[in-house]
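Here's the structure, in C-alpha cells; my notes come after.
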Number of protein chains: 2
Amino acid sequence: MSEADATQQEYPVLRGLPVDMCIFTVATESRKTPQDNIDKRTLKSYPDKHLELLLVKRISDTEGDKWALPGGFTKIETETIDAAAIRELKEETNLDASVTQLRAKPVGDGIYLEQMKAYYKPGRDDRGPTPTVAYVALVHEALLANLHAGGDAGQARLFRVPENSAHPFVCHTENGTTTVDWSELAFDHAEIISDALKFVQNQILTTTIAADLLPKEFTIAELHQVISAVVPSYGQMTTNFARDLLKTKTRNSMLKEALDEHGELKKSSQYSARPAQLYRFNEEYEPWLSIYPRP
Amino acid sequence: MSEADATQQEYPVLRGLPVDMCIFTVATESRKTPQDNIDKRTLKSYPDKHLELLLVKRISDTEGDKWALPGGFTKIETETIDAAAIRELKEETNLDASVTQLRAKPVGDGIYLEQMKAYYKPGRDDRGPTPTVAYVALVHEALLANLHAGGDAGQARLFRVPENSAHPFVCHTENGTTTVDWSELAFDHAEIISDALKFVQNQILTTTIAADLLPKEFTIAELHQVISAVVPSYGQMTTNFARDLLKTKTRNSMLKEALDEHGELKKSSQYSARPAQLYRFNEEYEPWLSIYPRP
DNA sequence: TTAATAGTGTCTTTAAGACATTATTAA
DNA sequence: TTAATAATGTCTTAAAGACACTATTAA
C-alpha cells in the first residue's frame, strides 16, 4: 500500500478497473394461443423476435435509483479485465454455463462476449466511477431464464430495445409494465448502450455470432428472424434470401445442411406446415469483408 | 487526496489512465536513382510502399532501455481519454496539424485515429503500468517528417513492420540499421502491436481510411499500392481491379473522377508514361458490409 | 523504336433479383 | 379442400474474372 503510494508520484496507479456489461438477447414472443380467436392453422406462424437488454435498478447511490447497465470491478491483482467481464456475466445472469473465455468468435453454445470500448471522462461526480470498459454480450434467451440482481443492484430485468431513441426501453411482467427512457439511464449509460447497439448490429451482419442466438440446427427463416430482430431495418425474408445464402460461391461454405444419423436431410415442422430444411453453421467458414474488389 | 482515499473502500479510483499509441504510416521507398544503373525509363516506376510503426526507446526504467509504443497518461480531472490520445499523437509526432477530434472516419487530411482496445492484467511488476488503452493512428508520411521523442522516451523512430512475427522491426538511418525483435519489445507491447496490425488491416479493407494515406487526388494504382502496403497478402494490381472498383453498382459512388477548373478530367504522369486518371474519395459513400445477402 | 504503365473490348462464368410455379403438411 | 410456409424454375440483369488488345508518353 505504501509502495503504491510512493509510485503515484511517477505515474498514477489504478486500483481496480470498472466494467460495464451490455447483455443482449433475442427474445421470442410468446406464441399465439387459440384464445386469440385465430384460425388454428395460424398457430404455426413464427413467433416474433426482438432484441432485449439487461438493465439493473441501482439501490440508492449517487445516481439515485436509476436503471443502469450491470457492472462491477476487476479484482485487482488477481483478475484480467476479460476475466472480470466473464465473472460479471455469470453473476448478473445467474448463468451456470461454464464460460471460461471470451467468445469473440461464435461457438454456437449460446454466449458471445467481446470487449467493445473504454470510456473515460474527467469529473467522477458527474457520472460515477470513471473510467469504465464496456463489454457486449449476446446470450441465448434460454440461458437467461434465472436472472437475479447481483452485487449492489436491486432488480435485474430484460428490457425491449426501442428501434430509435425517441422511444423508451420497455419491460412487461405480470405486475405491470416498466418503461425507461434513454434520458433516465444512470451515468453515461445511454451513450454506452447506443454504441453497443451499433456494435452488435455490425457484428451480427459481419460475423456468424447469430449462431449463439439459435439452436444448433435451425431453418433459414429462423436465421433471418434473428438478424431482423437485431437489425430492424433488415429486409423481409424472401425466397431469394435463402438461395443467395446457400448457392453463392463466397457464401456456400457458411451453412451446412443438417443430417440425421442415417445421412438423411433433417427437417423441421415446428413453425411451418411444409417441413423446412435445417442447417448448422460451418465453423470453418471465414468471411471475406472488404470494400475493395477481391484480389 | 484524503477524499479519494476514503472512497477507495467503496470502489477503487483511477488516478490517471495510461494510453498507448500505435502510430502507423505507409512509407514510400526513395525513388530509384540513375546511379542504380537502370534504364532511365525505369525511373518512372512506382516507388515501393510499406507499413511503418513508430517506436520510442525508453530511458532506464523498470523495462530497461527497450523499444516500446509511445504513450502517456490522461490528465486526470481535465482530459477525456480521447483527448489524451490526441495530445499524445501530437506530442510524439510533433504534428502541428490541428487535430482536435478522433478520426474514426477518414477525412482525407492525413490523420486517422481510433480507440482499439483496453488491456489489463494483474501484477503491475510484470508489465509496467496497468491498465492501458491502446489507440491506433494511421498518419500520412508527410506529417511525420519532424519526429521527436516526447515525455520519458529517448528516441523516436519509424520501424518497418515485418510481414510475420518471425522477422524483426527494422529501421534504417544514415548511422546504421536498428532491428527490434518482437520479443524485445517492452511490456506486452508485442501483443498490442499484433492486435493493432490486424485492426488496421481490417480497417483499411472495410473503410475508406486509405484516403488519409494518399494525396487528395490519386490514381487507382496508388490506392492499390497503399492497400498492399498495409495488407501484404493483397493481390497484384490488375486491369480488372480498377474496373471493378469503378464500375460495379455497389461501389460506383466510392470514387469520383477528379476534374480541373475547366471540368476536364485530371490526369497524372508522375509515375507513368501514359497519364493516369486521378480520383478522389466520395465522402458520401457508405460501405455496405455483411456476410448475408443484401436485404 | 522500346519500355512502361494506362486503359478498352470481348467473352465467359457467377451472382443477384424478379416473379411465377410447385411441394408439403395440418386442420 | 384451404391456408401457410418451403422450395424450385426460369428469365433477366449485374458483377467478376480471364485475357487479348490498344493508347500514351518519355527517352
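- Taking every side-chain heavy atom of B:Arg251 into account, D:dA16 is the closest of D:dA16, D:dA6, D:dT24.
- Residues forming a side chain to side chain contact (heavy atoms under 4.5 Å, CB included) with B:Arg157 (at least two apart in sequence, or on another chain): B:Trp67, B:Gln155, B:Phe159, B:Cys171, B:Thr173, B:Thr178.
- Looking at which nucleotide of DNA chain C each of B:Pro295 and B:Ile220 is closest to, the 5′-most match is held by B:Ile220.
- Summarising the geometry, the separation between NZ on A:Lys247 and P on D:dG9 is reported as 10 Å, rounded to the nearest angstrom.
- Under a 3.5 Å cut-off, the side chain of B:His262 and the backbone N or O of B:Glu264 do not form any donor-acceptor pair.
- One interatomic measurement links the two molecules: CG of B:Leu223 to P of C:dA6, which rounds to 13 Å at whole-angstrom precision.
- For B:Pro275, the side-chain atoms get nearest to D:dT25 when compared with the rest of D:dT25, C:dA16, D:dA6.
- The phosphate of C:dA26 has neither OP1 nor OP2 within less than 4.0 Å of any side-chain N or O from A:Ser269.
- Applying the ring pair (Phe, Tyr, Trp, His ring centres under 6.0 Å) test to A:Tyr279 and every residue at least two apart in sequence or in another chain returns nothing.
- A:Ser165 is linked by a side chain to side chain contact (heavy atoms under 4.5 Å, CB included) to A:Trp182, counting only residues two or more places apart in sequence or in another chain.
- Note: CD (A:Gln277) to P (C:dA23) measures 18 Å, nearest angstrom.
- In this entry the distance linking CG of B:Leu278 with C1' of C:dG7 reads 15 Å, nearest Å.
- Among the protein residues, A:Thr250 comes within range of the sugar-phosphate backbone only, with heavy atoms under 4.0 Å from sugar or phosphate atoms but none that close to a base.
- Rounded to whole Å, atom P of D:dA16 lies 14 Å from atom CG of A:Asp244.
- Of all the residues in residues 236-243 of chain B, B:Thr239, B:Arg243 reach under 4.0 Å from DNA chain C with at least one non-hydrogen atom.
- Regarding A:Lys267, its NZ atom lies at a distance of 14 Å from the P atom of C:dA26, rounded to whole Å.
- A:Glu283 and A:Tyr285 share no donor-acceptor pair across their side chains, judged by distance under 3.5 Å alone.
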Donor-acceptor contacts under 3.5 Å from residues 220-227 of chain A side chains, at least two apart:
unit_1   : atom_1 : unit_2   : atom_2 : d
A:Glu222 : OE1    : A:Thr219 : N      : 2.9
A:Glu222 : OE1    : A:Thr219 : OG1    : 3.4
A:His224 : NE2    : A:Gly235 : O      : 2.9
A:His224 : NE2    : A:Met237 : N      : 3.3
A:Gln225 : NE2    : A:Pro47  : O      : 2.5

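- The salt bridge (charged side-chain N to carboxylate O under 4.0 Å, His left out) contacts involving residues 200-210 of chain A comprise nothing, where partners must be two or more places apart or lie in separate chains.
- Atom CZ in A:Arg274 sits about 17 Å away from atom C1' in D:dT2, given to the nearest Å.
- Computed from coordinates, the A:Trp288 CH2 to D:dA16 P distance equals 12 Å when rounded to whole Å.
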